[in-house]
There are 2 protein chains.
Amino acid sequence: MAKSFSPPLFSETEQNNTKELRPRFNAAGLITVITQDASTNEVLMLAWMNEQALAKTIKTGKATYWSRSRKKLWVKGATSGNTQQVVEMRVDCDQDAILMKVNQTGGACHTHRQSCFYREIAGQRLLKESETG
Amino acid sequence: MAKSFSPPLFSETEQNNTKELRPRFNAAGLITVITQDASTNEVLMLAWMNEQALAKTIKTGKATYWSRSRKKLWVKGATSGNTQQVVEMRVDCDQDAILMKVNQTGGACHTHRQSCFYREIAGQRLLKESETG
């Protein structure tokens, strides 16, 4: 497959300042994606994209991830109907993480909750359920 | 070093439902951390914690990460003064990601910007600077 993106720049300062999208995929060819509700700013989930998923998400405006467990592209909501329409995408300073703001239909979590982050850490060993962000 | 945390549960459903903190560290012993401004919900940065950093953050309430480049614990702001006081911590469904809401002093990004996500993706190849979330 032809490369969809230019490689990261060698100099960290240049990578921080460039106006070119030069995503830094990890050794497994993946980049971390934080997905945030565009209207409330609630963080919905953390997932991964490979080069193809990132290119497809930018092109279609429909959140498309790489499923590490199923080892395939995963158009969010293709099965559940809980789609994510992309409103905005950002990269971080060294371009090894994506922040994506979406209009979420239904719950983002596979447990049917709005967000995957439905449990608060309550000390070294305990969690408490506390769904709303 | 004694283990600070119990291991993940074998069953995914149990891991999704347990009220015990059972963080799932990756093969490198790290867990992904999303850091969000507690007052605005702006996502400030994405970073990593090892077991020790997570235990220390829970205990002290001061955001402490594992620096992958420097290969050492990194109390955020120890050098820059740009500390993060933890307000709330959450885990996601399978407990391989942490969401942390903080009171941020100064900028969170090493480029001195408020957030690391200061560039918007504007097509397949281009970015535009757009600091405010």
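Chain letters run A, B, ... following the sequence lines, proteins first, then strands; residues in each count from 1. Everything quoted here is computed from the prediction, not taken from an experiment.
Residue B:Cys109 touches chain A through its side chain alone, counting heavy-atom pairs closer than 4.5 Å.
The choice from B:Leu126, B:Thr13, B:Ile34 that makes the most heavy-atom pairs within less than 4.5 Å of chain A is B:Ile34. Heavy-atom pairs under 4.5 Å with chain A were tallied for B:Lys59, B:Met45, B:Glu120; the largest tally goes to B:Glu120. Contact tally against chain B (heavy-atom pairs below 4.5 Å) for A:Ile98, A:Val91, A:Leu99: the top residue is A:Val91. Heavy-atom pairs under 4.5 Å with chain B peak, among A:Ala122, A:Ala97, A:Cys116, at A:Cys116. Comparing A:Leu54, A:Asp94, A:Leu46 by heavy-atom pairs within less than 4.5 Å of chain B, the highest count is held by A:Leu46.
Below 4.5 Å, heavy atoms of chain B meet heavy atoms from A:Gln15, A:Asn16, A:Asn17, A:Thr18, A:Lys19, A:Glu20, A:Leu21, all part of residues 14-21 of chain A. Taking 4.5 Å as the heavy-atom cut-off, none of the residues of residues 73-85 of chain A approach chain B.
Residues B:Val102 and B:Val87 fail the side-chain proximity criterion, which asks for heavy atoms closer than 4.5 Å. Between A:Glu51 and A:Ile31, the closest side-chain pair of non-hydrogen atoms is not below 4.5 Å.
Remark: the backbone N or O of A:Gln104 is not paired with any side-chain donor or acceptor of A:Gln114 at under 3.5 angstrom. Counting only distance, with no hydrogens or angles, the side chain of B:Arg90 and the backbone of A:Ser130 share a donor-acceptor pair below 3.5 Å. The backbone N or O of B:Lys62 lies less than 3.5 Å from a partner atom in the side chain of B:Thr64, making a donor-acceptor pair. Side chain of A:Gln95 to main chain of A:Leu9: no donor-acceptor pair is present (N/O by atom type, distance under 3.5 Å, no hydrogens or angles). Under a 3.5 Å cut-off, the side chain of A:Arg119 and the backbone N or O of A:Lys128 do not form any donor-acceptor pair.
The hydrophobic clustering, which links ILVMFWY residues whose side-chain heavy atoms are closer than 4.5 Å, places B:Leu44 and B:Val86 together.
The two atoms that bring B:Ser67 and B:Arg70 nearest to each other are OG-N, 3.0 Å, heavy atoms only. Taking all atoms of both residues into account, the shortest heavy-atom contact from A:Phe117 to A:Ser115 is N-OG, 2.9 Å. Scanning both residues, A:Tyr65 and A:Met100, for their nearest heavy atoms gives OH-CE, 3.3 Å. A:Asn50 approaches A:Phe25 most closely through the heavy-atom pair C-CE2, 3.7 Å.
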